[in-house]
Amino acid sequence: MAIDQPNPAMSEIAADARIAADKRDIGATIAKADHRMLAQDWRAAGAWYGAVGRLAGQGVAIIQGELLRARDAALWLDARYANMLLEGLNRVGLTRDERHPRFQQSLEIMLGRRTREPNYERFPQLPQTYYYPGTHYCQFADAADFAWREGLQDEAPAILAEAEALLADHATFTPYVDHTAERPQGDVHGLLGNRDWSTWELTDRGQPVPERVARAPRAHAALTAQMPLCRISSRAPSLMFSLLRPKSRIPAHTGMINTRLICHLPLIVPPGCGFRVGSETRHWEVGKLMVFDDTVEHEAWNDSTHDRLVLIFDVWRPEISEVEREQIAMLFRVVDQG
């Protein structure tokens with residue numbers, strides 16, 4: 001399939017400005033996609049052309065020829081992505097014969113060559129980025145199943161002291177969902193740029209931030225010394241203090257990948273806080289580990305007049321073998337190289 005070289009209708013600076021003013025500006029969106037295509041920023045181009053199709057599907061008016069051009073570009077990019085991914089995996093030695101059966105299935109699902117098995121849970125796993133088949137369904141996992149739980153809980157008072165020092169020093173907690181011009185953004189469940197849910201992160205794209213680790217060394221040591229942290233190129237682990245402001249709520253949403261479980265170590269929990277995963281609601285207890293699948297719909301609230309603070313980190317699902325973990329990590333390294 002061949003496509004014509006795009007000819008953007010406006011500069012990228014102008015497109016960014018118009019999108020910042022109106023995220024439903026479809027003319028600016030297709031111009032943004034065209035500029036990313038010309039820059040050979042293939043993943044961003046695909047995201048922006050996809051946004052054109054979504055806006056048109058929502059009834060935003062667009063010239064039919066432009067819509068078809070965006071569709072053809074998106075299809076070309078999808079085919080290019082699939083070829084890049086398979087060639088990249090073969091190049092690093094992860095050929096079809098070497099792939100774990102579940103990993104191969106996940107790859108076929110990712111590329112649209114296989115559909116997921118039917119799921120009849122009321123609240124199924126709905127990862128936004130990557131689905132791995134054959135994982136055990138849970139909403140909350142039993143924290144007692146994790147041998148490292150007690151060691152982490154023993155560290156809770158020291159970790160709390162570090163967190164309180166950050167709060168007392170007015171450390172900069174930033175919105176968990178922050179603005180970016182790199183990819184299309186909706187309101188992200190009302191969380192975009194919203195400081196009601198803010199974080200102070202010890203990692204950036206999976207790598208430790210030295211100056212932050214220096215301010216919370218006990219927290220970092222407790223997590224990295226004993227946890228089977230989910231390590232995925234440029235994505236995980238995510239180690240952070242999570243602050244939920246008074247009288248605020250994190251709307252129902254799902255996470256990115258289902259190869260991990262999310263862990264909360266509650267540090268400051270005033271009355272009136274709650275957490276729902278799927279059909280089950282629980283309440284944080286200070287110093288008591290909570291483990292859940294964030295690809296199941298979940299939401300949190302703080303109805304009190306005080307801040308709620310938890311330490312968040314992610315671990316591999318225990319049923320995913322070491323071989324599978326290595327292959328999943330390699331997949332995303334190849335993705336990042338493309």
Side-chain angles (χ1 to χ4, degrees), residues 42-43 46-47 50 74-75 77-148 205-206 226-238 254-263 277-278 291-298 313-338:
W42 309 119
R43 290 167 63 196
L75 290 172
L77 286 163
D78 283 347
R80 182 195 176 279
Y81 177 76
N83 290 335
M84 177 277 297
L85 202 57
L86 294 174
E87 289 174 2
L89 290 172
N90 289 337
R91 189 166 53 250
V92 298
L94 199 49
T95 62
R96 176 65 179 84
D97 290 342
E98 296 299 320
R99 297 171 198 156
H100 188 282
R102 284 200 300 190
F103 175 78
Q104 176 63 24
Q105 291 173 22
S106 79
L107 191 60
E108 293 170 5
I109 293 168
M110 187 180 192
L111 297 178
R113 300 177 181 181
R114 173 191 289 260
T115 58
R116 288 179 54 172
E117 294 295 325
N119 187 294
Y120 302 103
E121 300 286 350
R122 180 184 174 193
F123 295 99
Q125 293 178 328
L126 295 174
Q128 298 179 36
T129 299
Y130 178 62
Y131 173 75
Y132 202 76
T135 59
H136 301 318
Y137 179 81
C138 70
Q139 295 178 156
F140 290 95
D142 187 346
D145 290 340
F146 299 90
W148 42 263
R205 295 175 63 83
Q226 53 184 324
M227 309 300 171
L229 295 176
C230 182
R231 298 188 182 277
I232 296 178
S233 174
S234 301
R235 290 162 181 81
S238 295
T254 60
M256 306 303 289
I257 56 178
N258 71 325
T259 60
R260 63 185 181 180
L261 295 170
I262 305 300
C263 304
V277 179
V291 184
F292 67 99
D293 180 355
D294 77 327
T295 67
V296 175
E297 181 187 275
H298 58 286
F313 57 100
D314 43 351
V315 297
W316 286 107
R317 283 179 165 271
E319 70 268 28
I320 297 180
S321 69
E322 191 63 37
V323 167
E324 291 173 281
R325 296 175 188 185
E326 291 173 358
Q327 294 187 358
I328 292 163
M330 180 59 72
L331 169 66
F332 283 98
R333 283 197 291 273
V334 171
V335 168
D336 290 341
Q337 292 167 4

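Just so you know, residue 1 is the first one in the sequence shown, and it goes up from there.
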Just how far is it from atom NE2 of H136 to atom CD of E319, taken to the nearest 0.5 Å?
-> 4.5 Å
If you measure from the Lys or Arg side-chain nitrogens to the Asp or Glu carboxylate oxygens, is any gap between R235 and D314 under 4.0 Å?
-> no
Taking atom types as modelled, find out whether Q125 and N119 have a side-chain donor-acceptor pair closer than 3.5 angstrom.
-> no
Report yes if the side chains of F103 and I320 come closer than 4.5 Å at any heavy-atom pair, otherwise no.
-> no
Excluding sequence neighbours, so at least two apart, what forms side chain to side chain donor-acceptor pair (under 3.5 Å) with D78?
-> none
Can you check whether N258's main-chain N or O pairs, donor with acceptor, with T295's side chain at less than 3.5 Å?
-> no
Could you tell me the separation between the CZ atom of R317 and the OG1 atom of T135, rounded to the nearest 0.5 Å?
-> 4.0 Å
Results of side-chain contact (heavy atoms from CB on, under 4.5 Å) for A144 - residues two or more places apart only | D142, R149
List the steps, then state whether side-chain contact (heavy atoms from CB on, under 4.5 Å) holds for I232 with R260.
-> CA-CA 10 Å; I232 296 178; R260 63 185 181 180; over 6 Å; no
At their closest point, which heavy atom of S234 faces which heavy atom of D336, and how far apart are they?
-> OG-OD2, 3.1 Å
Please answer whether the main-chain N or O of G278 pairs with a side-chain N or O of R122 as donor and acceptor at a distance below 3.5 Å.
-> no
Are any of the side-chain heavy atoms of R325 and P228 separated by less than 4.5 Å?
-> yes
Could you point out which residue of Y131, Y132, Y130 forms a side-chain hydrogen bond (donor to acceptor under 3.5 Å, both in side chains) with S106?
-> Y130
Salt bridge (Lys or Arg N to Asp or Glu O under 4.0 Å) partners of residues 101-121, not counting sequence neighbours, each pair once = R102-E324, E108-R114
Pairwise side-chain contact, M110 with Y81, heavy-atom cut-off 4.5 Å (strictly under) | yes
